[in-house]
Amino acid sequence: MEKSKVLVVGGTGYIGRRIVKASLAQGHPTFVLQRPEIGLDIEKLQILLSFKVQGATLLEGSFEDHKSLVEAVKKVDVVISAMSGVFFRSHNLLLQLKLVEAIKEAGNIKRFLPSEFGIDPARMGDALEPGRVSFDEKMVVRKAIEEANIPHTYVSANCFAGYFAGNLSQMGVLTPPKEKVYLYGDGNVKVVYVDEDDIATYTIKTVDDPCTLNKTVYIRPQENILSQRQLVELWENLTGKKLDKFSISKEDLLASMKGMDYSGQSGVGHFYHIYYEGCLTNFEIGQEGEEASKLYPEVKYKRMDEYLKLYM
């Protein structure tokens, strides 16, 4: 079967650049939106030019120019948005509504994957302020997609290993602690950690798969469903050194939000839902969803013990 032509929007970002790489690796004719808004951001331009060298095609288009978006969309079969939805970077989720309008007008798109790649927003109706804004905005985009009858796939990738595993789930740092580690509660709530390159690989696998049409795909590799305590033990086994462990109660975690900026408060809220409520693993995947590692067992995903070796 001929591979779909894939357009990546937000291709210079943290997950977007990996999706571009995965699309090329899996043999899809790959296109990346080049937005004039990058201005003098030389790093983004060089990333785009590197994609071109690797075989991708750059398509010019702007969210301020509806016609240009429509023309870009008409050249492909699948659109994947990887626009940022976190507060410590840029936060552009609702810009996707302009992309939805362009897809609707073009009328040729076989599949749209909006920017999600984290906690399933459909399960976060009771999320804490202010972090719930990300979930609410993703649901606004979903509503627009579904009202426009656009074929779609939603990808719930759970915890990016770079932000949640390499630091043993410590807030405010990206590398493992050397002496002591803070556990959320008893540290036994199950979490799903996924290498970002694997997220991209699974994402591209879905685009031509009829099993994932109009469904949510959860990336839950079985061996990467770990508690925080198990993650810490993996690190201790690798280093041969025990860390001093301190427990943070949910009350103390939530109290720490006081005085934090908007981004910090959002982060604390997300950690609360993940590590105390168990929002990534406290449900069974029903008929509305599929699990990626079961759909694509040929993908040799990176286990967290192997991932943590990068930090030694």
Could you verify whether a donor N or O on one side chain and an acceptor N or O on the other, from S23 and T30, lie under 3.5 Å apart? yes
Can we say K250 and E277 salt-bridge, meaning some charged N sits less than 4.0 Å from an Asp/Glu carboxylate O? no
Going by chain and number, the hydrophobic cluster around M83 (ILVMFWY, side chain to side chain under 4.5 Å) further includes L7, V9, F31, L33, L59, F63, L69, V73, V76, V79, L94, L95, L97, L99, V100, I103, I109, F112, V140, V141, I145, I150, Y154
Going by atom types alone, do T175 and Y311 pair a side-chain donor with an acceptor below 3.5 Å? no
Check the pair K215, Q287 against side-chain contact (heavy atoms from CB on, under 4.5 Å), reporting the backbone distance first and the verdict last. CA-CA 9 Å; K215 288 189 175 184; Q287 292 184 341; 6.0 Å; no
Assess whether a salt bridge exists between E146 and R142, defined as any Lys/Arg side-chain N lying under 4.0 Å from an Asp/Glu carboxylate O. no
Same cluster (ILVMFWY, side-chain, under 4.5 Å), F283 and V189: no
For the pair K294 and E291, find out whether any cationic side-chain nitrogen is under 4.0 Å from an anionic carboxylate oxygen. no
Is there a donor-acceptor pair under 3.5 Å between the side chain of N237 and the backbone N or O of E233? yes
Test side-chain contact (heavy atoms from CB on, under 4.5 Å) on Y202 and Y218; report intermediate values, then the result. CA-CA 10 Å; Y202 284 124; Y218 298 91; over 6 Å; no
If only atom types and distance count, is the side chain of N214 paired as donor or acceptor with the main-chain N or O of H152 below 3.5 Å? yes
Can E60 and R35 be counted as an ion pair, charged N to O under 4.0 angstrom? no
Can you tell me how the ring of F135 sits relative to the ring of H270, calling it parallel under 30°, perpendicular over 60° and tilted otherwise? tilted
Cation-pi between R303 and Y301: NZ/CZ under 6.0 Å from ring centre and within 45° of the ring axis? yes
Pairing residues for R123 by the salt bridge (charged side-chain N to carboxylate O under 4.0 Å, His left out) criterion, not counting sequence neighbours: D120, E288
Before accepting this row, confirm whether a basic side-chain N of the pair K241/E179 lies closer than 4.0 Å to the acidic partner's carboxylate O. yes
Has Q96 got a side-chain atom pairing as donor or acceptor with P114's backbone, closer than 3.5 angstrom? no
Electrostatic pair E236-K242, nearest N-O below 4.0 angstrom: yes
In this structure, which one of D208, V78, I19, L113 forms a side chain to side chain contact (heavy atoms under 4.5 Å, CB included) with V6? V78
Does atom NZ (K245) have a neighbourhood of more than 12 heavy atoms from anything else shown, all under 6.0 Å? yes
Lys/Arg cation over aromatic F160: R18, 6.0 Å, 45° cone: no
For T153 and R111, test the side chains for any donor-to-acceptor distance below 3.5 angstrom and give the result as yes or no. yes
Say whether, by atom type as modelled, one donor and one acceptor occur between the side chain of Q170 and the main chain of L168 under 3.5 angstrom. yes
Any side-chain donor paired with an acceptor under 3.5 Å for K258 and Q265? no
If we ignore angles and hydrogens, is there a donor and acceptor under 3.5 Å between the side chains of E196 and Y14? yes
Please work out which of the three classes, parallel, tilted or perpendicular, describes the rings of Y182 and F246, given edges at 30° and 60°. tilted
